[in-house]
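Data first, discussion second: the structure below is written as structure tokens.
Start at 1 and go down the list; that is how both ligands and their atoms are numbered.
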Amino acid sequence: MTTPPCRYAVFGQPIAHSLSPRIHAAFGAQLGITLDFRAIESGRADFPAALATFAAAGGTGANVTLPLKQDAFALCRRVAPRAARAGSVNTLIRQDAEWLGDSTDGAGLLRDLRERQDGDPARRRVLLLGAGGAARAAAFALIEAGVGELAITNRTPAHANSMAAALGTAARVVAPETLASAGSFDLVLNATSAGHAGAAPQLPASLFAAGTLAYDLSYGEAARPFLAAAQTAGATRAVDGLGMLVEQAAESFALWHDVRPATAALYATLRTELDVAMHW
Ligand code: NDP
């Protein structure tokens, strides 16, 4: 009798274009692990029932994306310390008929920055745009990585202030209207979701110097407005979050299967496809 493949899924809305099923299928093929990984469309109201149905059908692990990361956090019996700090969960692990939550976004970002983008944030001046779940995960990861200076700014200052309070003295808030006097940064990370609506945060050109790495956590069309604005402002290096996507998926895969897949070949394939589709 053959054992049925383990059941995994990514939940979110919209989800049809998620690369996660393809990424996890490729990781499984690479390591000889048979798995069934699906994309399940779910909004916030539907998510608790959809997750319960998935668990009842034998679901053993899931990724969670927009807009469900805080909801996933609330549905977990226990969460890993890094997920508790970020206040969001992107990885669910079924243990003893309950969900354990973790957040692999920060680790995925760091690995991409260090190993693919020559962008190790240690001792660097970093500006982080945004104060949502991804920004929080990024901020804690940057602090753990020994960032030299972490400035955060957000459309709604109150959200940046509450994030800064959680981060402690390692970060400072810069009001959007004073960014012009903040100088230039080694790394400017866009962790806002503005690009999904075709917009970019309004930024002074003085934030970008010749060596600045401009990094958008989103990828594809959603990354285009910020990356284009950064390049116009003088940033010579501008990259999207495709590498982070692949690396956070590899971190989740390792949590589920106790083995971390290699990512270079898959990233190269996805990069080429996306660049062709985007005419970059
Ligand atoms: P959230 O909804 O939690 O946060 C959204 C943030 O964007 C808030 O700070 C919000 O500001 C800001 N924002 C939204 N619209 C605008 C706008 N028009 N102008 C300026 N700021 C705006 O989203 P997440 O943190 O979960 O995700 C943020 C981004 O990161 C998304 O693009 C997502 O795709 C990407 N991401 C990529 C990952 C990857 O693996 N590559 C992993 C996780 C996220 P305010 O507080 O004022 O509302």
* Asked: Within the structure, does Arg155 bring an N/O atom to less than 3.5 angstrom of an N/O atom in ligand 1?
  -> yes
* Using modelled atom types only, decide if a donor and an acceptor are shared between the side chain of Asn63 and the backbone of Asn90 within a distance under 3.5 Å. => yes
* Indicate the ring-plane relationship of Trp256 and Phe37, choosing parallel, tilted or perpendicular according to the 30° and 60° boundaries. => tilted
* Structure fact -> min-distance protein heavy atom vs atom 4 (O) of ligand 1 -> Gly132 CA, 3.4 Å
* To do: Cation-pi check, Arg94 to Trp99: give yes when NZ or CZ is under 6.0 Å from the six-membered ring centre and within 45° of the ring axis, no otherwise.
  => yes
* Is Gly130 close to ligand 1, meaning an N/O of one under 3.5 Å from an N/O of the other? -> no
* **Ring-face cation of Arg116 near Tyr267 (centre distance under 6.0 Å, axis angle within 45°)** => yes
* Report yes if Ala199 has an N/O atom closer than 3.5 Å to an N/O atom of ligand 1; otherwise report no. => no
* Structure fact -> Within 4.0 Å of some non-hydrogen atom of His159, the atoms of ligand 1 are 45 (P), 46 (O)
* To do: Begin from the C-alpha positions of Asp240 and Tyr215 and carry the test side chain to side chain donor-acceptor pair (under 3.5 Å) through to its verdict.
  => CA-CA 6 Å; Asp240 71 1; Tyr215 188 108; over 6 Å; no
* Asked: What is the closest protein heavy atom to atom 27 (O) of ligand 1, and at what distance does it sit?
  -> Ala134 CB, 3.8 Å
* **Distance-only N or O hit between ligand 1 and Ala131, under 3.5 Å** => yes
* Indicate yes or no: does an N/O atom of His196 lie under 3.5 Å from an N/O atom of ligand 1? => yes
* Return the option from Lys69, Arg136, Gln70 holding the heavy atom at the smallest distance from atom 43 (C) of ligand 1. => Lys69
* Asked: Taking side chain as C-beta onward, heavy atoms only, is Leu100 less than 4.5 Å from Val79?
  -> no
* Mind checking ring-ring contact (aromatic ring centres under 6.0 Å, His included) for Phe208 and listing every partner two or more places apart, or none if nothing turns up? => none
* To do: Ignoring angles and geometry beyond distance, decide whether Leu66 reaches within less than 3.5 Å of ligand 1 through its nitrogen or oxygen atoms.
  => no
* Side-chain donor or acceptor of Glu115 paired with backbone N/O of Asp112 under 3.5 Å -> no
* **Taking atom 12 (C) of ligand 1 as the reference point, the nearest protein heavy atom with its distance** => Thr192 CB, 3.7 Å
* Is any side-chain N of the basic residue among Glu149 and Arg123 closer than 4.0 Å to the acidic one's carboxylate O? -> no
* Structure fact -> In this structure, atom 37 (C) of ligand 1 is nearest to the protein heavy atom Leu217 O, 3.2 Å
* **Close N or O approach (Asp105, ligand 1; < 3.5 Å)** => no
* What protein heavy atom sits nearest atom 8 (C) of ligand 1, and how far off is it? -> Asn154 OD1, 3.9 Å
* Structure fact -> Of all protein heavy atoms, the one nearest atom 19 (N) of ligand 1 is Ala194 CB, 3.7 Å
* Asked: With only distance considered, is Thr156 within less than 3.5 Å of ligand 1 through an N or O on each side?
  -> yes
* Asked: Can you tell me if Ser193 has a non-hydrogen atom under 4.0 Å from ligand 1?
  -> yes
* To do: Please determine if Asp105 and Lys69 form a salt bridge, counting it only when a charged side-chain N lies under 4.0 Å from a carboxylate O.
  => yes
* To do: Could you tell me if any non-hydrogen atom of Ala191 lies under 4.0 Å from any atom of ligand 1?
  => yes
* Residue pair Glu251 / Leu255, side-chain heavy-atom distance below 4.5 Å -> no
